[in-house]
Each structure stands twice: as structure tokens, then as C-alpha cells.
Peer 1: 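My structure is below; once you've seen it, I'll send some questions.
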There are 2 protein chains.
Amino acid sequence: MKTEEADLKRTEIFKVLSDHNRLKMIRILYQAKRELTCGEVGEKLNLSKSTVSYHFKLLRTVGLTNTRKEAQIKYLSLNMATFQEYLPGF
Amino acid sequence: MKTEEADLKRTEIFKVLSDHNRLKMIRILYQAKRELTCGEVGEKLNLSKSTVSYHFKLLRTVGLTNTRKEAQIKYLSLNMATFQEYLPGF
DNA sequence: TTTGTTGTTCGATAGTTATCGAACTATAAT
DNA sequence: ATTATAGTTCGATAACTATCGAACAACAAA
């Protein structure tokens, strides 16, 4: 990947991480050490479910999280590969 | 530093790096391997000097750059310590 | 089939950010 | 003293973002 292309991706990732609530989500997922549902995360953050959904969509879009769907429930986890590639040591 | 406190600082740094022109500035300073003036950087980015000044103020505020003033000229360089602390491997 | 649960999408809105040119400060040069 | 250079600050503005509730979709349970 060329530098400029990689920088665009980096910019996107930084933008996604530049929101305090999204960084909290990352932290919550990291500390949970297991998959969590959107609802579980939303509760801890005191945000409406639509807002939580909005944030998780952004996280998913840049590849920071994985989603696994089981019935109507979505289980979230961190995508460590992206962290290691763009944010080693984070 | 407590986790939450560090996260606030991280959020600030990510916000500052989440702008494409600011990331370019970082890249330009890194590749120059020497101090540059605001004017030199501004030329390469095709931005007005007020806009460049605005961006550099943000970079300086979060500690990503150093400034050295000589007469009316300001010389800019990266603050590697901040990069190593918050963005190791970047 | 109706009801409840989990999450998404939409429209509105308040707040934030990037950008510019104009006016300004500080310093150097003529 | 006037002029030129380097950068900052201010006011305006267009674009973007986070947030919410309402309406919706998918599935499970009763």
C-alpha cells in the first residue's frame, strides 16, 4: 500500500477514534475479554440505542470491530488485526 | 496517568490527526528531516497562511510539534516523545 | 398471530470544525 | 520612517458530526 493510500486509511481510523464515546466502547470491549451485544455496551455508556448503533457502524466500517449475528442479536468484538496494523502498541 | 485521563489525551491526539491536511503536515515534517517554516509547509499544501497557522496551533497544543522562533520566523519540527508515548510504531 | 426484544435507518437539530480574507503584531531591511 | 516578510487572530461561513426519538425490520416467544 502506498504511503498516501495508507494515510487516508489512517486518517479514517483516527477520525473514528477521536470521539470520546467510541474510545470508551473500544475500552469496554477490550476489558470485557468476550463478545458483547450493542445493548450491553449502550447501557454502560448511557446513550440511546440509535446513537450506539451509529457509533458501532463507524467502528465496523473502518475495520476496528467484528460483528457476529446470532438470531436478532449482534455480538461485537475488537478486530485485533487492524489495531496491530495501524495502531501497534495501542 | 490513569487510564481515563490517558484516553482523554489520546482522544485529543486522534482528533488532531484525523484531518487529512494535518496528517500531511506531519508527513512533510517527518520526511524533511529538518526544521521547516510555516510558509514552507503551507506552500506544499496549497492552503492560506491563516489556515496553516490554525492547524499548526492544534498540532502544537497536543504536543505533536515543537516550535523554535528566530526573529519573525518560526521553525517547526516533530516532537518525537509524544509520538513514542501515544503512537508507538506510527 | 400477537407481543417482545435487538438492532438499523431516517429526519431534525444543536454543536463543532476547516477554510478564507482582512486586520494585526513583530521583526528585518532599505 | 517606510516597506517587506512571517506568522497570528478574528469574524464569517459552509460543511460535517453526535445525538435523539420515531418508525422500521428481523427474529423469538407466548
Side-chain angles (χ1 to χ4, degrees), chain A residues 7-29 32 34-79, chain B residues 7-29 32 34-79:
Chain A
D7 270 3
L8 272 171
K9 177 78 178 173
R10 257 184 270 271
T11 308
E12 274 180 29
I13 288 179
F14 288 143
K15 193 171 295 179
V16 164
L17 291 176
S18 73
D19 179 85
H20 193 50
N21 280 324
R22 282 195 292 269
L23 203 59
K24 277 187 184 169
M25 289 174 173
I26 297 286
R27 181 75 56 197
I28 288 169
L29 284 175
R34 63 175 177 95
E35 294 175 314
L36 295 177
T37 67
C38 297
E40 285 177 306
V41 177
E43 257 176 53
K44 296 183 198 247
L45 290 175
N46 231 37
L47 290 174
S48 76
K49 61 184 183 165
S50 57
T51 301
V52 172
S53 180
Y54 162 74
H55 285 311
F56 270 126
K57 188 175 184 179
L58 293 180
L59 288 169
R60 203 183 330 118
T61 300
V62 299
L64 287 171
T65 58
N66 297 122
T67 302
R68 183 173 66 83
K69 193 174 180 186
E70 195 172 294
Q72 79 272 46
I73 300 169
K74 278 194 172 175
Y75 291 96
L76 297 152
S77 58
L78 297 183
N79 184 347
Chain B
D7 271 3
L8 271 171
K9 177 79 178 174
R10 257 184 269 272
T11 308
E12 274 181 30
I13 288 179
F14 288 143
K15 193 170 295 179
V16 164
L17 291 176
S18 72
D19 179 85
H20 192 50
N21 280 324
R22 282 194 293 269
L23 203 60
K24 277 187 184 169
M25 289 175 173
I26 297 286
R27 182 74 57 199
I28 288 169
L29 284 175
R34 63 175 177 93
E35 296 175 313
L36 294 178
T37 66
C38 297
E40 286 178 305
V41 177
E43 257 176 53
K44 298 183 197 247
L45 290 175
N46 231 35
L47 291 173
S48 76
K49 60 183 184 168
S50 57
T51 300
V52 172
S53 180
Y54 163 75
H55 285 312
F56 270 125
K57 189 176 184 179
L58 294 180
L59 288 169
R60 203 184 329 119
T61 300
V62 300
L64 287 172
T65 58
N66 297 124
T67 304
R68 183 173 66 82
K69 192 175 182 185
E70 196 174 291
Q72 80 271 46
I73 300 169
K74 279 193 170 175
Y75 291 97
L76 298 151
S77 58
L78 297 183
N79 183 348

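What you are looking at is a predicted structure, and each value in this text was computed from that prediction instead of being measured.
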Peer 1: Run the salt-bridge test on R68(B) and E70(B) with the 4.0 Å N-O cut-off and return the result as yes or no.
Peer 2: yes
Peer 1: Would a 4.5 Å heavy-atom cut-off, applied to side chains only, mark L29(B) and L36(B) as touching?
Peer 2: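 With C-beta onward as the side chain, the pair touches.
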Peer 1: For the backbone of N66(A) and the side chain of N79(A), can you confirm whether one donor and one acceptor N or O come within less than 3.5 Å of each other?
Peer 2: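 Judged by distance alone, no pair lies under 3.5 Å.
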Peer 1: What I want to find out is whether K24(B) reaches D7(A) closely enough, with some N-O distance under 4.0 Å, to be called a salt bridge.
Peer 2: no
Peer 1: Mind checking whether T65(A) and L78(A) have side chains closer than 4.5 Å, heavy atoms only?
Peer 2: yes
Peer 1: Is the distance from OP1 or OP2 of dG7(D) to the nearest side-chain N or O of K57(B) less than 4.0 Å?
Peer 2: no
Peer 1: Going by heavy atoms in the side chains, are L8(B) and H20(A) under 4.5 Å from each other?
Peer 2: yes
Peer 1: Under a 4.5 Å cut-off applied to non-hydrogen side-chain atoms, are T37(A) and V41(A) in contact?
Peer 2: no
Peer 1: Between residues 41-56 of chain A and DNA chain D, which residues have a heavy-atom gap below 4.0 Å?
Peer 2: L47(A), S48(A), S50(A), T51(A), Y54(A), H55(A)
Peer 1: For the pair made of CG in L36(B) and P in dG7(D), what is the distance, rounded to whole Å?
Peer 2: 11 Å
Peer 1: May I ask you to list the residues of residues 60-76 of chain B, by number, that have any heavy atom positioned under 4.0 Å from an atom of DNA chain C?
Peer 2: A71(B), Q72(B)
Peer 1: Charged N to carboxylate O under 4.0 angstrom, E35(A) versus K74(A)?
Peer 2: no
Peer 1: Taking side chain as C-beta onward, heavy atoms only, is L59(B) less than 4.5 Å from L76(B)?
Peer 2: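 No, too far: nothing below the 4.5 Å cut-off.
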Peer 1: Which residues within residues 13-22 of chain A lie with some heavy atom under 4.0 Å of an atom in DNA chain C?
Peer 2: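 Contacts with DNA chain C under 4.0 Å: none.
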Peer 1: Hey, what do you get for OH (Y75(A)) to CZ (R34(A)), rounding to the nearest 0.5 Å?
Peer 2: 9.0 Å
